Amino acid sequence: MLDRKFIVENASLIQENCARRGVKCDVARLVQLETARRQKLQEVEELNRQANETQKKIGQTKDPAERETVKAAGRQLREAKDAAQAEHDRLDTQVHALQQAIPNLTHPAAPIGGEADSKDIRRGKTPIRTFDFTPLDHVAIGERLGLFDLEAGARTTGHGFYFLKNDGVLLDLALQRYAIETLIREGFMLTTTPDLARNEILEGIGFNPRGSETQVYSIENTDLSLVGTAEITLGGMYSGLTLEEEQLPIKVAGLSHCFRTEAGAHGQATRGIYRVHQFTKVEMFAYTTPEASDAMHDAIMAIECQIFDGLGIPYRVIDTASGDLGGPAYRKFDLEAWMPGRGTVKDGKPSGDWGEITSTSNCTDYQSRRLNTRFRKKGEKGTQFVHTLNGTAVANTRAMIAILENYQQADGSVTVPEVLRTWMGKDRIAAPA
RNA sequence: GGAGAGGUGGCUGAGUGGUCGAAAGCGCCGGUUUGCUAAACCGGUGUACGGGAAACCGUACCGCAGGUUCGAAUCCUGUCCUCUCCGCCA
């Protein structure tokens with residue numbers, strides 16, 4: 001959420017930014033309503049002032065008859081105030097609705113345009129492998145090696161759910177452990193987070209828990225939802241608090257399950273475990289001062305690169321274009337791994353394709369304003385909103401796809417990446433005997 | 001799940017209808033004094049929003065949301081959270 005005052009004072013800039021982001025928003029209407037709201041607020045405050053004055057007089061008035069006269073005046077003032085307040089609240093609701101639809105500002109360096117305009121800014125250390133056999137996709141590999149059971153998932157829960165089995169479980173745990181070890185070295189505080197959060201926290205982070213196009217599972221008869229990412233719970237951790245500047249930056253790693261309805265996503269890449277309703281993720285989250293958020297964003301992206309360079313997965317880094325940023329992000333970098341089993345199949349051979357494996361966003365003060373997470377500078381009056389950033393360390397299903405497809409061997413086995421062997425307890429995943 | 005107690009400023013804690021944004025102590029900041037340190041003394045010290053060049057002024061805020069009242073930290077209702085006891089339980 002952007003600051004109302006800022007919106008009013010920079011209406012044309014905001015309107016332009018909305019256009020760049022492909023968001024329809026009537027900024028002029030917002031400005032008009034907000035101006036009216038502020039006038040009403042002044043009216044409310046003035047009536048309150050008069051009522052307060054009158055009320056003090058009542059306490060001091062001893063004569064009963066006179067007291068009743070002053071009381072009546074006070075009552076009248078409060079009634080006038082209530083009417084003005086009701087009008088103010090009506091305007092406030094309207095402004096809030098418009099305000100909520102306005103996306104964050106955009107980093108000046110972020111590419112302008114739609115998905116096609118996103119920029120490929122960096123490649124990982126691992127080159128794309130050429131196969132001397134026809135590579136399989138992760139579904140075929142997983143079936144052959146007994147790593148997951150999609151049909152059992154569908155029977156038990158529904159399409160988009162799965163059981164991990166055998167070495168699939170070990171691989172999942174190894175990835176978590178590898179990510180966590182990396183984040184310990186990088187100075188993150190480790191957490192496992194709740195898998196449910198209050199709807200107000202979801203909204204603060206920028207998720208919409210209600211409505212037909214919601215990506216969120218909600219819990220009936222409560223105001224709780226299943227989290228789509230630990231970003232939600234990690235962002236909720238300090239909501240409503242005022243931090244000291246010396247506490248910043250705060251870097252938190254969160255291990256959680258992630259639940260997504262993926263409403264409207266049918267048809268696109270639904271095969272296997274690429275797009276599922278539940279997965280496990282190690283997430284990074286950071287709270288910084290406004291001056292430090294750009295550097296932190298680069299640092300988080302560098303950690304993501306380190307993790308996937310370490311895993312020996314070929315990837316590219318995408319500087320996401322304005323139209324594809326989503327509401328809260330000021331700038332977003334995605335890592336896309338090369339997945340040999342994806343893409344179009346020609347002559348029985350898959351072309352391979354890039355697939356998103358991580359994403360890191362600088363949300364500046366867009367989330368902290370709604371979550372009310374502030375910080376105070378020593379010796380300075382007042383408070384400021386912190387900047388928040390998030391980034392994926394490892395999203396398990398996507399990482400598993402990348403590993404299985406890139407490390408598959410001609411004999412059908414899969415070599416375990418060097419860095420995972422300690423946690424896997426083996427260097428090769430072979431078909432069960 | 002049942003019964004009870006409680007949530008007040010950075011902290012401790014007083015305050016049961018008006019003069020309370022809130023005593024007192026601690027802490028913190030500034031000053032005075034004292035070889036240094038410490039102590040003592042004096043003054044200051046919440047946040048948000050609005051107005052103002054500023055001094056400052058106004059409004060709101062005593063977990064949160066409502067209600068009663070001319071007036072609520074104080075009374076009522078709901079809700080969230082904490083603690084104690086009982087029950088259940090991985």
Side-chain angles (χ1 to χ4, degrees), chain A residues 1-9 30-96 99 192-204 209 218-225 232-233 235-248 250 257 290 365-386:
Chain A
M1 185 162 65
L2 291 181
D3 180 38
R4 285 184 186 184
K5 205 165 144 192
F6 183 85
I7 296 170
V8 170
E9 285 166 6
L30 193 159
V31 170
Q32 180 201 331
L33 286 166
E34 172 62 7
T35 308
R37 185 195 70 86
R38 266 202 236 167
Q39 269 169 18
K40 258 303 165 218
L41 183 64
Q42 284 190 35
E43 201 180 301
V44 170
E45 289 188 349
E46 172 58 20
L47 285 165
N48 246 334
R49 192 190 61 75
Q50 288 176 25
N52 287 343
E53 220 169 60
T54 308
Q55 150 200 334
K56 268 179 200 156
K57 238 185 273 168
I58 296 169
Q60 292 155 0
T61 306
K62 295 284 178 276
D63 177 66
E66 198 184 330
R67 209 177 152 101
E68 286 312 310
T69 316
V70 190
K71 262 192 185 182
R75 197 177 296 129
Q76 216 167 37
L77 278 167
R78 290 294 179 192
E79 272 164 18
K81 180 229 124 190
D82 285 344
Q85 182 80 55
E87 176 61 13
H88 167 271
D89 292 351
R90 200 181 59 78
L91 288 165
D92 189 56
T93 307
Q94 289 179 39
V95 173
H96 188 261
Q99 185 188 9
T192 61
T193 89
D195 287 339
L196 278 73
R198 292 182 199 289
N199 288 335
E200 65 184 85
I201 301 291
L202 286 264
E203 279 160 19
S218 54
I219 308 294
E220 206 174 358
N221 300 325
T222 70
D223 69 333
L224 299 174
S225 294
I232 293 164
T233 40
M237 255 183 120
Y238 294 92
S239 62
L241 300 183
T242 301
L243 305 164
E244 301 297 331
E245 190 184 16
E246 310 82 273
Q247 289 176 265
L248 300 173
I250 293 172
H257 293 117
D365 59 359
Y366 192 86
Q367 296 176 327
S368 62
R369 179 167 290 110
R370 243 190 301 196
L371 292 169
N372 197 21
T373 305
R374 300 161 182 271
F375 77 99
R376 195 189 339 258
K377 283 190 180 176
K378 240 199 170 79
E380 275 186 27
K381 262 284 198 204
T383 59
Q384 295 180 56
F385 290 107
V386 300

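Worth saying up front: this structure is predicted, and the values here are computed from it rather than measured. Every chain is numbered from 1 and lettered A, B, ... according to where its sequence line falls, protein lines coming before strand lines.
Note: A/Arg38 CZ to A/Leu41 CG = 9.5 Å, rounded to the nearest 0.5 Å. A/Gln39 CD to A/Leu91 CG: the interatomic distance, rounded to the nearest 0.5 Å, is 10.0 Å.
With rounding to whole Å, A/Glu200 atom CD is found 11 Å from B/C81 atom P. Between A/Asp82 atom CG and B/C70 atom C1' the separation is 12 Å, expressed in whole Å. Computed from coordinates, the A/Leu196 CG to B/C80 C1' distance equals 16 Å when rounded to whole Å. Rounded to an integer number of Å, the gap from A/Gln50 CD to B/U59 C1' is 13 Å. Regarding A/His88, its NE2 atom lies at a distance of 16 Å from the P atom of B/U59, rounded to whole Å. Across the protein-nucleic acid pair, A/Glu244 atom CD and B/U47 atom C1' stand 13 Å apart, rounded to whole Å. Protein atom CD of A/Gln42 is 13 Å distant from nucleotide atom C1' of B/C57, rounded to whole Å. In this entry the distance linking CZ of A/Arg4 with C1' of B/G50 reads 14 Å, nearest Å.
The residue A/Lys40 sits apart from the nucleic acid: no heavy atom pair falls under 4.0 Å. In this structure, A/Lys81 reaches neither bases nor backbone, as no heavy-atom distance under 4.0 Å exists between it and the strands shown. Contact annotation for A/Thr383: backbone-only contact, meaning every heavy-atom pair under 4.0 Å involves sugar-phosphate atoms and none involves a base.
For the residue pair A/Leu371 and A/Gly204, the shortest heavy atom distance occurs at CD2-CA, 3.8 Å. Residues A/Asn199 and A/Leu224 come closest through the heavy atom pair OD1-C, 3.8 Å.
Side-chain proximity of A/Glu45 to B/C49, B/G46, B/C70: nearest is B/C49. Ranking B/U47, B/G58, B/G50 by closeness to the A/Arg49 side chain, first place goes to B/G58. Of all nucleotides listed (B/G51, B/G46, B/C70), B/G46 comes nearest to the side chain of A/Lys381.
Mapping A/Gln384 and A/Glu46 onto RNA chain B by nearest heavy atom places A/Gln384 closer to the 5' end of the strand. Heavy-atom distances to RNA chain B give each of A/Arg374 and A/Val44 a nearest nucleotide, and the one nearer the 5′ end belongs to A/Arg374.
Using a cutoff of 4.0 Å between basic side-chain nitrogens and carboxylate oxygens, A/Glu87 and A/Lys40 are not scored as salt-bridged. Salt bridge status for A/Glu380 with A/Arg376: absent, with no side-chain N to carboxylate O gap under 4.0 Å. A/Glu203 has no carboxylate O lying under 4.0 Å from a charged side-chain N of A/Arg370, or vice versa, which leaves the two without a salt bridge.
Spacing between B/G4 and B/G21 at atom P, rounded to whole Å, works out to 34 Å. Remark: the separation of the C1' atoms in B/C62 and B/G13 is 13 Å, to the nearest Å.
Taking 4.0 angstrom as the limit, A/Asn372 places none of its side-chain polar atoms (N or O) nearer than this to OP1 or OP2 of B/A48.
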Check the interface with nucleotides 18-20 of chain B: list each N/O to N/O pair with the protein under 3.5 Å, or write none.
| from | atom 1 | to | atom 2 | distance (Å) |
| --- | --- | --- | --- | --- |
| B/G18 | O6 | A/Arg67 | NH2 | 2.6 |
| B/G18 | N2 | A/Gln55 | O | 3.2 |

Determine all donor-acceptor pairs shorter than 3.5 Å in which one atom belongs to a side chain in residues 75-82 of chain A; sequence neighbours excluded.
| from | atom 1 | to | atom 2 | distance (Å) |
| --- | --- | --- | --- | --- |
| A/Arg78 | NH1 | A/Asn48 | OD1 | 2.6 |
| A/Arg78 | NH2 | A/Asn52 | OD1 | 3.0 |
| A/Arg78 | NH2 | A/Gln55 | OE1 | 2.6 |

